Amino acid sequence: MARGAGPALRLLLPLLQLLALPAGRGNRTGAGSLFVSEYFSQSAQRLSFYSWYGNAKVFHFHVPEDTVLLRWLLQASRGKEPECTSMEVTVHFRYGAPPVINPLGTHFPANATVRPSYNISITLSSAVQNTTFVNITTPAAGDWFIAAHLPEAAGRIEVKGFSTPCTYMFQADMFVLRLTDMPVLEPGVAMPQTIVSPAKPLHVKVFVPKYTARMWFELRSCMTSERKACTVRVVLGSITLPQSFQRIITCTGNVNCSVSLDSLPWEKWLQIMVESLGIANASVSLEMLASFTDCRPGSTSSFLNFSSLNQSQAGSGPGSPTPSTGMALRNTSDQRSFCLQNQPVVREDLDVVSVRYRLLNGPSVAVYSISPTLLLLNLNSGMDSGGSLVVNLLLNKTSLSQANATVVACVSAASPVLSLNTTQNCSTAFFQGYPLSLSTSSAEAMLIVLYPQTDDWFLSLQLICPKGQSECNTAEAKVTVIAYLTPCFNDCGPYGQCSLLRRHGYLYAGCSCKAGWSGWSCTDDTKAQSVGAQNLATLLLTLSNLMFLPAIAVAVYRYYLVEASVYTYTMFFSTFYHACDQPGIAVMCIMDYDTLQYCDFLGSVVSIWVTILCMSRVKKILKYVLFVLGSLLIAMSLQLDRRGVWNMMGPCLFALIIMISAWVYHGVKRRHCYPSSWKRWVFYLLPGITLAFIAISVYAFMETNENYYYTHSIWHVLVAGSVAFLLPPRDKHKKPWAWSQKLTCRYQICQNDREELYAVT
């Protein structure tokens, strides 16, 4: 059992008892059928507040074939910390690909198709754990995905270690009930079956061959065990979320009932469920018959036409000539004998979740009115559903012989649309496709399918004339097709970063937006920062570091050259780190971002370290040893955890202990308070300490994503100002700017440099 599944163990036994059915093997479903229950689990994941898709926790399951019942066991829990409050967990479901969600209500990119995901909410109030069940009868076999997340993030920047955030966990377990000997309905052969009782529906399946245009299903000779007219419900197809297109018919009496389905999924099993609506103890006998109408495909060229392949590799534009499509397409009588025209397409894998589709006969395809032109876009590798499918169509206006004609296109999954000239609604038997149209007034169309489901995708194109198809018999249109799969559409634009996310072995992509931009592809500018605001943020965060110049000047004036060097180092790297850290277009990176960040953090902590040690007024040799040793330890701790609060608080507390110990030593030795001058306390120490405490408060409790650029600038100013106040005065035997005297070579009078004689109080 996976981690976090402890509560599931207590529910596993009664749940399996609930799913269990009488075992046994027979030729008919009912008491003699064998059902097998299976259990799948994944480790629990810690939930996050939602700001982009990377905050959603994705679970990937595979539902086996012949599954008649799917049950999800969803467990959400929270910690027992005082910070934990009531929380609502949103769980999304989808078949074939990760759910496309929009908790923030942002805009999707233009030409993107979005269908709302199926979701439920789990509330964690007084209870520490909440367990929810979701049942799905006759689910589609294949990949199923669950995504869970918390509400929108507050946007506050929390310092790691200052507070303990509440832990919210989520785990999804899957139970399936599978029929091991589901009867197979053979085409054209009537199959008698019996429904034992309304509580045990009948399940059969039929295989849909490739190039099937239509299926005719008929149910006849329906009779109860009491020789009365029966009432049954027939469900064709499986449930897919977020949308399900099952066909349901109710048959009453002895009259045969039938249904016709167009554009079924090719080379897949179609599950059929029949359940009795009669009295509880009466069995029902019936016959089922399925017949198929095939579709004769025509091909513009052989798939192994290497001359065409070489020409396509050489490249050709929309206006360049394409290879001959053959006399069959130019002869109307020959076209009528085909229900579709195949165009060979090569799938070229470029990278992870990155595929390019290349037509063997060039980028342009010929489109006619008699039968649709069909292109197969293979997305069934199991790793293609985590990106975005982009289909771009461009009509060659000069090739369109009928000015008023329209090229209608449809992109669909699992099965192609074979009757665009009549339906024009781009729907198949169990899937609603995505329609596109081209004309002389609108010669370009684009479609973006976010997270396309794992399956074979089809692009159907057909020419339609407004006055009827008779005037289009000899018409032809050339359409340039550009299709590819990309991790993130347009690489998330200039204000986003495309990140490749992973859940076990499954990879999917998401956009992390910046500078106030939002949306699936960072195209929503509702809250975007203007260019002026971006420049202002960059200037504030970089120029605020110039407040270290007074601290550097004071350090040099008082002959603290090592401290001045550290402040100069901090000012330099903080300036260029924030110039590189900007989310917008006002960015300048003089070296690698990670290097700049590390140097900025190192300089900040070392500056605090050397300042407090300088205030302690210990002997020089001890002070410099502590300088070097502390800097090395700080560098090591930052490498381990760069954002940990104790990387800053640890050196500060240790340096304060040294300073207080040194001050107590000086005070005891001199028998009065150290430092003894009230002016030193009032005009230097108290203002410096006040500025330091205000800076820490702003840094730890006030910074958010929205106010970061000015609150962090205030932090720079306050810290640099506090350093200028807290630096101790120079030794009495040191003259102002004494470092400049070392640059010249002349005789000097020797003097005693012992700090005991020249200690300043």
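Because the structure is a prediction, the values reported are computed rather than measured.
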* Asked: Should Val345 and Leu376 count as side-chain neighbours, where that means a heavy-atom distance under 4.5 Å?
  -> no
* To do: Side-chain contact test, heavy atoms from C-beta onward, threshold under 4.5 Å: evaluate it for Pro435 versus Cys410 and give yes or no.
  => no
* Ser244 side chain vs Leu241 backbone, donor-acceptor pair below 3.5 Å -> no
* Structure fact -> Rounded to the nearest 0.5 Å, the CG atom of Leu219 sits from the CD1 atom of Ile249 at a distance of 7.0 Å
* Asked: Mind checking what makes side-chain contact (heavy atoms from CB on, under 4.5 Å) contact with Ser238, not counting sequence neighbours?
  -> Ala140, Gln271
* Polar side chain donor-acceptor pair, Asn380 to Asp455, under 3.5 angstrom -> no
* Structure fact -> The complete set of ring-ring contact (aromatic ring centres under 6.0 Å, His included) pairs with one or both residues in residues 234-277, sequence neighbours excluded, reads Phe207-Trp269, Tyr211-Trp266, Trp266-Phe458
* **Which atom of Arg115 lies closest to which atom of Phe431, heavy atoms considered** => NH1-CZ, 4.1 Å
* Derivation and outcome, salt bridge (Lys or Arg N to Asp or Glu O under 4.0 Å), residues Asp384 and Arg347 -> CA-CA 12 Å; Asp384 302 326; Arg347 171 190 165 115; 2.9 Å; yes
* For Leu459, which of Leu374, Leu375, Val417 qualifies under side chain to side chain contact (heavy atoms under 4.5 Å, CB included)? -> Leu375
* Glu476 side chain to Ala366 main-chain N or O, any donor-acceptor pair under 3.5 Å? -> no
* disulfide bond (SG atoms under 2.5 Å apart) partners of residues 341-389, not counting sequence neighbours, each pair once -> none
* **Side-chain heavy-atom pair Phe145, Gln453 within 4.5 angstrom cut-off** => no
* Asked: Which heavy atom in Met182 sits nearest to a heavy atom in His203, and how many Å separate them?
  -> CG-O, 3.6 Å
* To do: Answer yes or no: are there more than 12 heavy-atom neighbours, outside Glu444 itself, under 6.0 Å from its atom CD?
  => yes
* **Main-chain N/O of Asn135 paired to Arg71 side chain as donor or acceptor, under 3.5 Å** => no
Under 3.5 Å, sequence neighbours excluded: what are the donor-acceptor pairs made by side chains of residues 94-109?
{"residue": "Arg94", "atom": "NH1", "partner": "Pro98", "partner atom": "O", "Å": "3.0"}
{"residue": "Arg94", "atom": "NH1", "partner": "Tyr451", "partner atom": "O", "Å": "2.8"}
{"residue": "Arg94", "atom": "NH2", "partner": "Tyr451", "partner atom": "O", "Å": "3.0"}
{"residue": "Tyr95", "atom": "OH", "partner": "Ala141", "partner atom": "O", "Å": "3.0"}
{"residue": "Asn102", "atom": "OD1", "partner": "Gly105", "partner atom": "N", "Å": "3.3"}
{"residue": "Asn102", "atom": "OD1", "partner": "Thr106", "partner atom": "N", "Å": "3.0"}
{"residue": "Asn102", "atom": "OD1", "partner": "Thr106", "partner atom": "OG1", "Å": "3.0"}
{"residue": "Asn102", "atom": "ND2", "partner": "Thr106", "partner atom": "O", "Å": "2.8"}

* If only atom types and distance count, is the side chain of Glu287 paired as donor or acceptor with the main-chain N or O of Met191 below 3.5 Å? -> no
* To do: With sequence neighbours left out, write down each residue that passes ring pair (Phe, Tyr, Trp, His ring centres under 6.0 Å) with His149, or none if nothing qualifies.
  => Tyr50, His92
* Does Ser369 offer a backbone N or O that forms a donor-acceptor pair with the side chain of Gln462 under 3.5 Å? -> yes
* Asked: Within a strict 4.5 Å, meaning less than it, do heavy atoms of the Leu500 and Val352 side chains meet?
  -> yes
* To do: Dump the intermediate steps for side-chain contact (heavy atoms from CB on, under 4.5 Å) on Val407 and Leu461, then the final yes or no.
  => CA-CA 7 Å; Val407 175; Leu461 302 102; 4.3 Å; yes
* Asked: For Asp143, which residues count as a salt bridge (charged side-chain N to carboxylate O under 4.0 Å, His left out) partner, sequence neighbours excluded?
  -> none
* To do: Flag the pair Tyr508 / Val58 as yes when at least one side-chain heavy-atom distance between them is below 4.5 Å, and no otherwise.
  => yes
* Asked: side-chain contact (heavy atoms from CB on, under 4.5 Å) between Leu202 and Met288: does it pass, once the steps are laid out?
  -> CA-CA 11 Å; Leu202 172 68; Met288 290 183 291; 3.9 Å; yes
* Asked: Which residues pass the side-chain contact (heavy atoms from CB on, under 4.5 Å) test with Ser439, sequence neighbours left out?
  -> Thr406, Ser441, Ser442
* Structure fact -> Rounding to 0.5 Å, atoms CG (Leu70) and CG (Leu177) come to a distance of 10.5 Å
* **Any residue meeting ring pair (Phe, Tyr, Trp, His ring centres under 6.0 Å) with Phe61, in chain and number order, not counting sequence neighbours** => Trp72
* To do: Go through the side-chain N and O atoms of Ser499 and Ser512 and say whether any donor and acceptor fall under 3.5 Å apart.
  => no
* To do: Kindly write out the residues that satisfy side-chain contact (heavy atoms from CB on, under 4.5 Å) with Cys511, not counting sequence neighbours, or none if the list is empty.
  => Cys488, Cys492, Cys522
* Between Val355, Val449, Leu450, which is the residue that forms a side chain to side chain contact (heavy atoms under 4.5 Å, CB included) with Leu389? -> Val449
Taking only distance into account, with no hydrogens and no angle test, what donor-acceptor pairs under 3.5 Å do side-chain atoms of residues 256-264 form with protein atoms, sequence neighbours excluded?
{"residue": "Asn256", "atom": "ND2", "partner": "Glu218", "partner atom": "OE2", "Å": "3.4"}
{"residue": "Asp262", "atom": "OD1", "partner": "Arg214", "partner atom": "NE", "Å": "2.6"}
{"residue": "Ser263", "atom": "OG", "partner": "Pro416", "partner atom": "O", "Å": "3.1"}

* Under 3.5 Å, side chain of Thr486 to main-chain N/O of Phe489, donor-acceptor pair present? -> no
* Heavy-atom side-chain proximity of Asp294 to Thr212 below 4.5 angstrom -> no
* Structure fact -> dist Thr138:OG1 -> Ile272:CD1 (nearest 0.5 Å) comes out at 11.5 Å
* Structure fact -> Interatomic distance, CG@Asp66 vs NZ@Lys205, rounded to 0.5 Å, equals 3.5 Å
* Asked: How long is the gap from NZ on Lys210 to CG on Asp456, to the nearest 0.5 Å?
  -> 8.0 Å
* Output field: ring centroids Phe292/Trp216 closer than 6.0 Å -> no
* Roughly how far, to the nearest 0.5 Å, is OG of Ser381 from CG of Asp349? -> 7.0 Å
* Asked: How would you list all residue pairs meeting salt bridge (charged side-chain N to carboxylate O under 4.0 Å, His left out) that involve residues 398-409, not counting sequence neighbours?
  -> none
* Asked: Is a side-chain N or O of Arg247 found less than 3.5 angstrom from the main chain of Leu236, in a donor-acceptor match?
  -> no
* **4.5 Å side-chain heavy-atom contact, Pro64 and Glu38** => yes
* To do: Quick one: closest heavy-atom pair of Ser388 and Ile448, and the distance?
  => CB-CG2, 4.3 Å
* Ala477 and Leu463: which non-hydrogen atoms are nearest, and at how many Å? -> CB-CD1, 4.1 Å
* Ala190 versus Leu289, closest heavy-atom pair with distance -> N-CD1, 3.6 Å
* Given side chains that start at C-beta, do those of Leu277 and Val232 come closer than 4.5 Å, heavy atoms only? -> no
* **Atom of Tyr357, atom of Leu379 and distance for their closest heavy-atom approach** => OH-CD2, 3.0 Å
* **side-chain contact (heavy atoms from CB on, under 4.5 Å) involving Ile120 - partner list, sequence neighbours excluded** => Leu74, Val91, Phe93, Tyr118, Thr132, Val134
